[in-house]
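Structure first, then comments.
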Amino acid sequence: MIIKINGVQKEYANEASLFEIAKDNEVKNALAAKVDGNLVEMRSKLDGNDHEIEFVTFQDKEGKKLYRHTASHILAQAIKTIYPTSKLAIGPAIDDGFYYDIDFKTPITTENLEAIEQEMKKIIKANYPLERFELPRDEAIAYMKKFGEDYKVELINDLPEDAVISFYKQGDFVDLCAGPHIVNTKLIKAFKLLSSSGAYWRGDEHNKMLARIYGTAYSSKDELKAHLDHLEDIKKRDHNKLGRDMQLFTTVDVIGQGLPLLMPKGAKMIQTMQRWIEDLEDNEWGYMRTKTPFMAKSDLYKISGHWDHYKEGMFVLNEGREDKDVMALRPMTCPFQYYVYKATQHSYKDLPCRYSETSTLFRNEDSGEMHGLTRVRQFTISEGHLIVRPDQMVEEFKRCLDLAKYCLEVLGVEEDVTYHLSKWDPDNREKYIGEPEVWEETEGHIRDILNDVGVEFTEDVGEAAFYGPKVDINAKNVYGKEDTMITIQWDALIAEQFDMYYIDENGEKKRPYIIHRTSMGCYERTLAWLIEKYAGKFPTWLCPEQVRVLPISEKYADYAFEVEKELKRNGILTSVDNRAEKIGFKIREARLEKLPYMLVVGEKERDDKTVSVRSRFAGDEGVKPLSDFISQIAEEIRMKEIRKEIPLEERK
RNA sequence: GCUCCAAUAGCUCAGUCGGUAGAGCACUUCACUCGUAAUGAAGGGGUCAGCGGUUCAAGUCCGCUUUGGAGCUCCA
């Protein structure tokens, strides 16, 4: 047979094995092979025909996947050995490792993981081959029943009629599995069990909760160590840790879950962003500011539909008191701004009406859902609604996307987001209102806009709002989990519900369209994202303390105080605690790591009205007149410049 | 909401077999007046998250509550 490998054709005996071909081509550590593009195990027999072969090693994505999938089988075998009464569910490979879901008779804890790891090592050392075999459906079910593997029986029952039902055997352990796998257990060179937690069977909260054990595996101990070090590193960027350490926010048990307190530094950062966004929207993008109540009578939410569909998610007040109106804290701003629109009559010439509000919202999230600053019960969002004529919709929607993109660029995070066109699900029509043709057409418009703006995006079925499709802009946190940062929604239907209209050129009432949008999302979540993005080393304009003035001795405190006052007069943030009053000899305290600038003053600087500038961007910037430094930093702040960092060890 | 883990000084953490609490950093005071990642000395600071139980005795064992963490589910 002729085998084409790495673009070269070679002749092999018809019975040649993949191992022989790999060896002949000096491919080491082959875990599997792609024969004409189909992934097969190394042990697979070739049929003697001509083929193109590509070997898969751990360096390949597929290689990592099957390597770790085999590791998950070893985990399962170890567990069945130690806990014979446990029942296995599923055990796939995931991005950075693998997991196995198991139903234990008695709960498992972190301490048990070590014993399981030891057992896994034994299995690896025993070097069991992984052998595949297939069974007809009836026999497969009977076989799994014999082992008491109820979940596997359920899985088999759900397989399509014509599915091949295969098993993998290693030693005396057998697992239902489609494969492929690596050939024996000893190929697993390095692994680690990382954590255990709960997970619902088949991801359904009505099902039993199983124990999920997470682990990872690498082809060498060094790679594993590098990965574990990386996990330690990202913990240091975790906003929930770093944000507290940096005194940006805190939580208090008597205040409650999901209600973080922004401390002076965190509040200052949010104020900086808020002032920027409000001025930007109002002065450059044609928005009008509103300021609407944080709560309303239940009547409002009955019109909007929230009372029926979202009551559980709202904080309801006065319920059960007959002498009081039942109120609810607002979970969104939409209907409030609709009533601002409705307060006056609008000509077609008045549209688009672009309303924006720095809006605080309240959502009664379930107790287990809160996390740091990214999932909270009260948050503040740059929320806006654009009331537009249908003919203006495409242009206005695009402008919303342009604005969002601009905000991301200024924050320096435009590379870190993914764009999504969230579509309806035609197979689940009762979840949505409106006609299929309208959905298709609208989604087409948004697709064109995304292409026009020139961003890459995915199309996600079933992610739309019930009233229309939307663009979601998501970002990953340091642990790789995605959060929606920005959303822009197309709504051609809600105006009807609130009886909103404008008068067209013929004097007739017409329904406007609505865009629900945010420009930079919610401030708390964005702050969290910035902390992780910059590991606390923010661009100067965002820093809560942009400059610290340090006299080398108390003798020069007067001059330091003078410098600090001059900086403040120019809108430059020095200390947030009015420390100038008590400025002392604090030179040793100053760490440039997270501080953009440090001004050191002594006798020479006082006499010459200069400052010695140190920055984390350039190290020692030398002695300059105070006025020169002020112009320099003021410009950097005004331009929202993101100066490039110089690592500490390389600074002068 | 679910499974598991945790809670000791402002922060990071020790605290063995159940026998009335300890360090470093921070804070205060004094001394030092120093040119860029930690000056020296002294001092203050704890109802061991809360409530209940077991016990002669509970930071330690048990239960409930609250808060925090990991993950699942949810996020109109």
Side-chain angles (χ1 to χ4, degrees), chain A residues 94 99 101-104 106-113 194-214 235 238 240-241 244-247 250-260 301 304-314 331-332 334 363-372 374-377 431-432 463-467 472 479 481-484 487 489 516 548 550-557 584-595 598-605 612-616 619-620 623 648-649 651-652:
Chain A
I94 50 174
Y99 68 79
D101 284 350
I102 293 132
D103 186 0
F104 285 101
T106 51
I108 189 138
T109 66
T110 326
E111 284 87 72
N112 304 123
L113 293 185
L194 298 170
S195 61
S196 70
S197 68
Y200 298 109
W201 166 235
R202 306 202 131 179
D204 185 335
E205 62 177 322
H206 304 293
N207 287 342
K208 185 168 183 186
M209 179 150 284
L210 310 173
R212 174 171 296 180
I213 297 178
Y214 284 95
K235 265 186 213 161
D238 181 348
N240 204 11
K241 175 91 176 76
R244 291 169 198 268
D245 287 351
M246 290 180 74
Q247 297 177 12
T250 187
T251 48
V252 180
D253 57 1
V254 294
I255 290 175
Q257 278 191 313
L259 297 169
Y301 304 109
S304 69
H306 286 85
W307 200 252
D308 290 334
H309 300 294
Y310 195 63
K311 195 176 168 206
E312 288 302 300
M314 292 197 288
M332 36 74 241
C334 323
R363 298 184 185 185
N364 196 358
E365 303 282 2
D366 283 342
S367 65
E369 311 301 353
M370 266 71 73
H371 176 76
T374 55
R375 193 79 184 268
V376 291
R377 281 183 166 149
K431 263 183 74 181
Y432 306 92
E463 296 292 322
F466 72 91
Y467 47 74
D472 285 318
Y479 297 104
K481 292 187 79 172
E482 261 192 20
D483 278 314
T484 298
T487 178
Q489 309 180 351
H516 308 240
R548 184 173 298 178
L550 298 161
I552 60 160
S553 117
E554 273 174 18
K555 275 190 244 168
Y556 317 111
F585 180 65
K586 296 236 179 180
I587 201 159
R588 287 189 190 83
E589 264 184 28
R591 290 170 206 175
L592 266 177
E593 197 185 347
K594 296 199 169 62
L595 210 56
M598 192 160 98
L599 302 183
V600 181
V601 298
E603 188 169 11
K604 186 176 175 341
E605 287 83 359
S612 287
V613 180
R614 298 223 125 218
S615 74
R616 63 163 202 245
D620 188 352
V623 178
L648 200 66
E649 58 275 12
R651 283 178 206 153
K652 284 190 280 178

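Chain letters run A, B, ... following the sequence lines, proteins first and then strands; every chain starts at 1.
With both pairing distances under 3.5 Å, B:A6 is matched to B:U67 as a Watson-Crick or G-U wobble pair. The partner of B:C61 is B:G53, judged by Watson-Crick or G-U wobble contacts that both fall below 3.5 Å. With both pairing distances under 3.5 Å, B:C72 is matched to B:G1 as a Watson-Crick or G-U wobble pair. In a base pair of the Watson-Crick type (N1 to N3 plus N6-O4 or O6-N4) or a G-U wobble (N1-O2 and O6-N3), with each distance short of 3.5 Å, B:G40 is matched with B:C30. Both distances falling under 3.5 Å, in either a Watson-Crick or a G-U wobble arrangement, occur for no nucleotide opposite B:C17.
The residue among A:A199 and A:Y310 whose nearest nucleotide of RNA chain B is located toward the 5' end is A:A199. Mapping A:S612 and A:K241 onto RNA chain B by nearest heavy atom places A:K241 closer to the 5' end of the strand.
Spacing between B:G46 and B:G10 at atom P, rounded to whole Å, works out to 8 Å. Comparing the same atom, C1', in B:A23 and in B:U8 gives a spacing of 13 Å after rounding to whole Å. To the nearest whole angstrom, the two P atoms, one in B:G69 and one in B:U33, are 47 Å apart. To the nearest whole angstrom, the two C1' atoms, one in B:G1 and one in B:G15, are 36 Å apart. For B:A21 and B:A58, the P atoms lie 12 Å apart once the distance is rounded to whole Å. A distance of about 46 Å separates the P atoms of B:C30 and B:C17, rounded to the whole Å. Between B:A7 and B:C25, the distance separating the two P atoms is 24 Å to the nearest Å.
Using a 4.0 Å heavy-atom cutoff across all strands shown, A:G305 reaches no nucleic acid atom at all. Residue contacts shown for A:Y99 are absent, as no nucleic acid heavy atom lies under 4.0 Å away. Here A:Y200 lies in heavy-atom contact (under 4.0 Å) with a base. A:H371 comes within 4.0 angstrom of the backbone, heavy atoms only, and of no base. Heavy atoms of A:G368 sit under 4.0 angstrom from at least one base atom.
Note on ring orientation: taking the six-membered ring where Trp is involved, the planes of A:Y301 and A:H306 are perpendicular (angle over 60°, cut-offs 30° and 60°).
Residue A:S195 places none of its side-chain N or O atoms closer than 4.0 Å to OP1 or OP2 of B:G71. Here A:Q257 does not reach the OP1 or OP2 of B:U66: none of its side-chain N or O atoms lies under 4.0 Å away. Between B:C72 and A:K481, a contact under 4.0 Å exists linking OP1 or OP2 to a side-chain N or O.
Taking CD1 of A:I213 as the start and CZ of A:F104 as the end, the distance is 4.5 Å to the nearest 0.5 Å. Considering CG of A:N207 and OH of A:Y200, their distance stands at 10.0 Å, rounded to 0.5 Å.
Taking only side-chain atoms of A:E369, from C-beta outward, the nucleotide of B:U3, B:C74, B:A76 with the closest atom is B:C74. Here B:U36 is the nucleotide among B:U36, B:U3, B:C74 with the atom lying nearest to any side-chain atom of A:V600. Comparing B:G69, B:C75, B:G71 against the side chain of A:R363 picks out B:C75 as the nearest.
One can place CE of A:M246 at 18 Å from P of B:A26, the figure rounded to the nearest angstrom. For the pair A:D253 CG and B:G50 P, the interatomic distance rounds to 10 Å; values are reported in whole Å. Atom P of nucleotide B:U3 and atom CZ of A:R212 are separated by 16 Å, given to the nearest angstrom. The CE atom of A:M209 sits 16 Å away from the P atom of B:A70 (whole-angstrom rounding). What separates OH of A:Y432 from C1' of B:A76 is a distance of 11 Å, to the nearest Å. Per the geometry, CG belonging to A:D204 stands 18 Å off P belonging to B:G1, to the nearest Å. Summarising the geometry, the separation between NE2 on A:H516 and C1' on B:A76 is reported as 12 Å, rounded to the nearest angstrom.
Base orientation of B:C72: anti (glycosidic angle beyond 90° from 0).
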As a quick check of understanding, evaluate side chain to side chain donor-acceptor pair (under 3.5 Å) for A:E605 and A:S612, giving each step before the final call. CA-CA 7 Å; A:E605 287 83 359; A:S612 287; 2.5 Å; yes
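Within 3.5 Å, a donor on the side chain of A:R375 pairs with an acceptor on the base of B:C74, or the reverse. Below the 3.5 angstrom threshold, one finds a donor paired with an acceptor across the side chain of A:E605 and the base of B:G35. The base of B:A76 has none of its N or O atoms less than 3.5 Å from a complementary donor or acceptor on the side chain of A:H309.
Put simply, the side chain of A:N364 reaches to within 4.5 Å of the side chain of A:R377, judged on heavy atoms.
Scored by the side-chain hydrogen bond (donor to acceptor under 3.5 Å, both in side chains) test, A:T374 finds no partners at all (sequence neighbours excluded).
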